[in-house]
Amino acid sequence: MAFPIISPSEAAELIKNGDNVGFSGFTASGSPKVIPTAIAEKAIKEHEEGRPFKISIFTGASTNRWADGALAKANAIDRRTPYQNTPDLRLRINAHDCHYFDLHLSELAQKFRYNTYGDLDVAIIEVAKVFDNGEVILGTGVGNIPTFARNAKKIFLELNEKLPEGMYGLHDIYIPLDPPNRREIPIFKPSDRIGVPVLKLDPAKIAGIVHSDSYDGVGGFTALDDTTLQIGANVCNFLIGEVRAGRIPKTFLPIQSGVGNVANAVLFGLGDAKELPPFEMYTEVIQDAVIDLMKMGRCKFGSTCSLTLSDDKEAEVLSDLDFFRDKIVLRPAEISNNPEVIRRLGVIAMNTALEADIFGNINSTHVVGTKMMNGIGGSGDFTRNGYISIFSCPSVTKGGLISNIVPMVSHTDHNEHSVDVIITEQGVADIRGLDPVQRAEKIIDNCANPMYRPLLHDYLKLAKGGQTPHSLHAALAFHTTFLQCGDMSKTDWAKYE
């Protein structure tokens with residue numbers, strides 16, 4: 001069957017104000033590029049002519065500058081979920097120009113199949129190849145597009161010339177039955193394949209194919225510094241200690257790693273941690289460091305939802321697919337982040353925090369409690385179900401003006417019941433089996449920066465009552481002091497006695 005070849009603007013003209021639109025991809029990888037840009041251009045024109053134009057966007061995770069970026073600049077986004085990281089969209093969200101609701105990444109596909117958020121009008125999918133029967137080879141990120149494609153009324157395909165047909169076989173597309181008919185998801189090791197290598201589309205839904213020619217545009221990582229290197233070393237030393245103690249099997253367990261520079265540093269550290277055996281990953285993203293670990297023989301296999309690679313690293317992988325074909329599988333988000341599978345495999349969960357409090361609660365999303373940064377992503381999926389749940393962050397930021405270890409987190413994404421270990425460049429706080437005061441003492445002594453330890457110990461003395469002592473009057477004083485004078489270290493507990 002021949003599908004029409006159309007321009008990006010022709011596709012955009014078929015998308016209406018108020019439409020619900022699903023994008024392919026996950027953390028920018030595999031996200032559409034030219035059609036969202038054309039939609040943004042249409043929105044600008046509509047606004048200039050005095051007509052409303054906004055669409056609701058549903059994705060696997062974050063997208064890219066061509067999608068969230070261009071559409072946010074055009075103020076063309078009404079609702080948005082489940083994760084984002086584009087500066088222009090962040091500004092819209094915090095100004096309430098866009099209605100963003102944060103969601104665990106594993107949950108969206110099923111919620112959509114139950115019509116929680118209404119009908120899906122359009123799915124826009126980046127592909128490497130289109131077959132005459134409507135089957136497609138997806139790009140570098142899967143996300144929630146198998147469900148979006150099933151539910152959408154019409155589908156646009158972005159055929160990206162940068163993606164080789166040799167990507168065939170990297171994907172494992174599987175949609176579980178919904179409750180009450182769901183059976184076990186039969187993944188018993190990261191390399192198990194349970195689905196098919198292509199996404200099967202209804203040919204009657206395909207409204208057009210648009211050509212594109214760009215890599216995913218993922219930014220390169222900041223060079224490792226002393227802080228991130230030390231965090232990576234501390235994580236590795238903790239894992240080595242757990243293996244020596246017999247709390248992790250000597251054969252090791254699959255690992256999950258979040259996104260960002262600290263996560264990348266931890267992965268680089270695993271390359272040098274030769275006392276740990278070569279390992280597998282069951283994760284949601286594969287970053288640049290993992291590709292290097294695969295070439296070193298340190299990472300044997302990676303099950304993921306996306307290849308979240310810098311452009312140079314993406315080109316490197318796509319030009320050497322014969323090497324990576326038996327080392328990588330790309331899955332939908334509800335499988336890569338599935339609690340059942342994470343618990344069964346015993347995944348070691350390693351994620352990053354904006355801040356942690358002295359009792360073990362984690363803020364992953366909100367700066368000073370109110371301003372959304374990116375979103376919870378898949379960290380909750382792995383944290384609540386991991387064999388061990390580790391959170392890492394620098395002890396301070398902004399040259400010490402902000403302590404990332406605080407008396408009480410200003411927003412809670414992961415509470416003390418889900419967190420096992422907190423690690424900064426200062427050290428490791430293993431808080432398993434400790435009561436709240438014991439946790440506080442260990443986190444202050446092992447993870448807080450020395451310039452903030454006396455202040456945190458003084459807060460613990462000031463706090464009163466119950467199993468978890470707090471001064472409710474003073475609990476957020478670090479944050480209010482920062483808002484008043486820009487330096488948490490100026491906190492004065494005498495005001496709260």
Side-chain angles (χ1 to χ4, degrees), residues 8 11-12 14-40 43 54-64 66-68 70-72 76-84 86 89 98-127 134 136 138-158 160 171 173 175 178 199-202 204-210 212 305-306 330-337 375:
L14 296 173
I15 295 172
K16 303 183 297 296
N17 178 48
D19 274 356
N20 287 338
V21 182
F23 287 172
S24 64
F26 193 94
T27 56
S29 303
S31 298
K33 301 167 178 66
V34 294
I35 297 176
T37 302
I39 298 171
K54 282 192 174 187
I55 60 175
S56 293
I57 299 175
F58 303 87
T59 64
S62 55
T63 63
N64 51 37
W66 300 289
D68 279 337
L71 289 161
I77 305 175
D78 181 15
R79 287 188 300 166
R80 179 70 174 85
T81 199
Y83 183 83
Q84 54 74 42
T86 307
L89 179 53
C98 167
H99 305 294
Y100 174 73
F101 56 102
D102 205 11
L103 193 67
H104 299 293
L105 300 186
S106 66
E107 296 182 355
L108 183 59
Q110 178 175 299
K111 288 180 182 294
F112 235 104
R113 292 195 296 271
Y114 275 121
N115 204 36
T116 303
Y117 308 120
D119 294 336
L120 191 68
D121 299 293
V122 179
I124 304 175
I125 309 173
E126 182 176 81
V127 299
V136 298
L138 291 175
T140 53
V142 181
N144 291 311
I145 206 62
T147 289
F148 294 163
R150 177 183 289 187
N151 284 38
K153 297 173 184 176
K154 61 176 172 279
I155 297 170
F156 295 106
L157 302 177
E158 283 200 8
N160 190 337
H171 304 86
I173 307 303
I175 299 179
D178 287 323
L199 176 60
K200 298 181 179 183
L201 305 177
D202 178 354
K205 290 184 178 182
I206 299 176
I209 297 174
V210 177
S212 66
C305 190
S306 74
L330 296 167
R331 308 186 191 275
E334 66 178 323
I335 304 301
S336 68
N337 291 45

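As a basis for the values below, the full set of heavy atoms in this structure was taken, side chains included, without hydrogen atoms, waters or symmetry mates.
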Is there a donor-acceptor contact under 3.5 Å from the side chain of [X] to the main chain of [Y]?
X	Y	value
Y100	P82	yes
N17	K54	yes
R113	T116	no
S24	E126	yes

Q | Pair E158 + K33: basic N to acidic O under 4.0 Å | A | no
Taking side chain as C-beta onward, heavy atoms only, is [X] less than 4.5 Å from [Y]?
X	Y	value
F58	T81	yes
V210	F156	no
E107	N337	no
L201	I125	yes
I77	D68	yes
S31	T59	no
P32	F23	yes
L108	F148	yes

Q) side-chain contact (heavy atoms from CB on, under 4.5 Å) between I124 and I39: does it pass, once the steps are laid out? A) CA-CA 12 Å; I124 304 175; I39 298 171; 4.0 Å; yes
Q: Could you go through the side-chain contact (heavy atoms from CB on, under 4.5 Å) check for I57 and T63 one step at a time?
A: CA-CA 10 Å; I57 299 175; T63 63; 5.6 Å; no
Q: Give a yes or no on whether K205 atom NZ has more than 12 heavy-atom contacts from other residues, nucleotides or ligands under 6.0 Å away.
A: yes
Q | Exceeds 12 heavy-atom contacts within 6.0 angstrom, atom CZ of R150 | A | no
Q | Worked verdict on D121 versus K16 for salt bridge (charged side-chain N to carboxylate O under 4.0 Å, His left out) | A | CA-CA 9 Å; D121 299 293; K16 303 183 297 296; 5.7 Å; no
If you take all heavy atoms of [X] and [Y], which pair is closest and at what distance?
X	Y	value
R331	S336	CB-N, 4.3 Å
D19	L14	OD2-O, 4.4 Å
Q110	E334	N-OE1, 4.3 Å
C305	G143	SG-N, 3.2 Å
I145	A123	CD1-CB, 4.3 Å
A333	L105	CB-O, 4.2 Å

Q.
Is there a side-chain contact (heavy atoms from CB on, under 4.5 Å) between L120 and F112? Walk through the geometry before answering.
A. CA-CA 8 Å; L120 191 68; F112 235 104; 3.7 Å; yes
(Q) Tell me whether the rings of Y117 and F101 are parallel (<30°), tilted (30 to 60°) or perpendicular (>60°). (A) tilted
Q: List the steps and the verdict of side-chain contact (heavy atoms from CB on, under 4.5 Å) for L138 and I173.
A: CA-CA 10 Å; L138 291 175; I173 307 303; 3.9 Å; yes
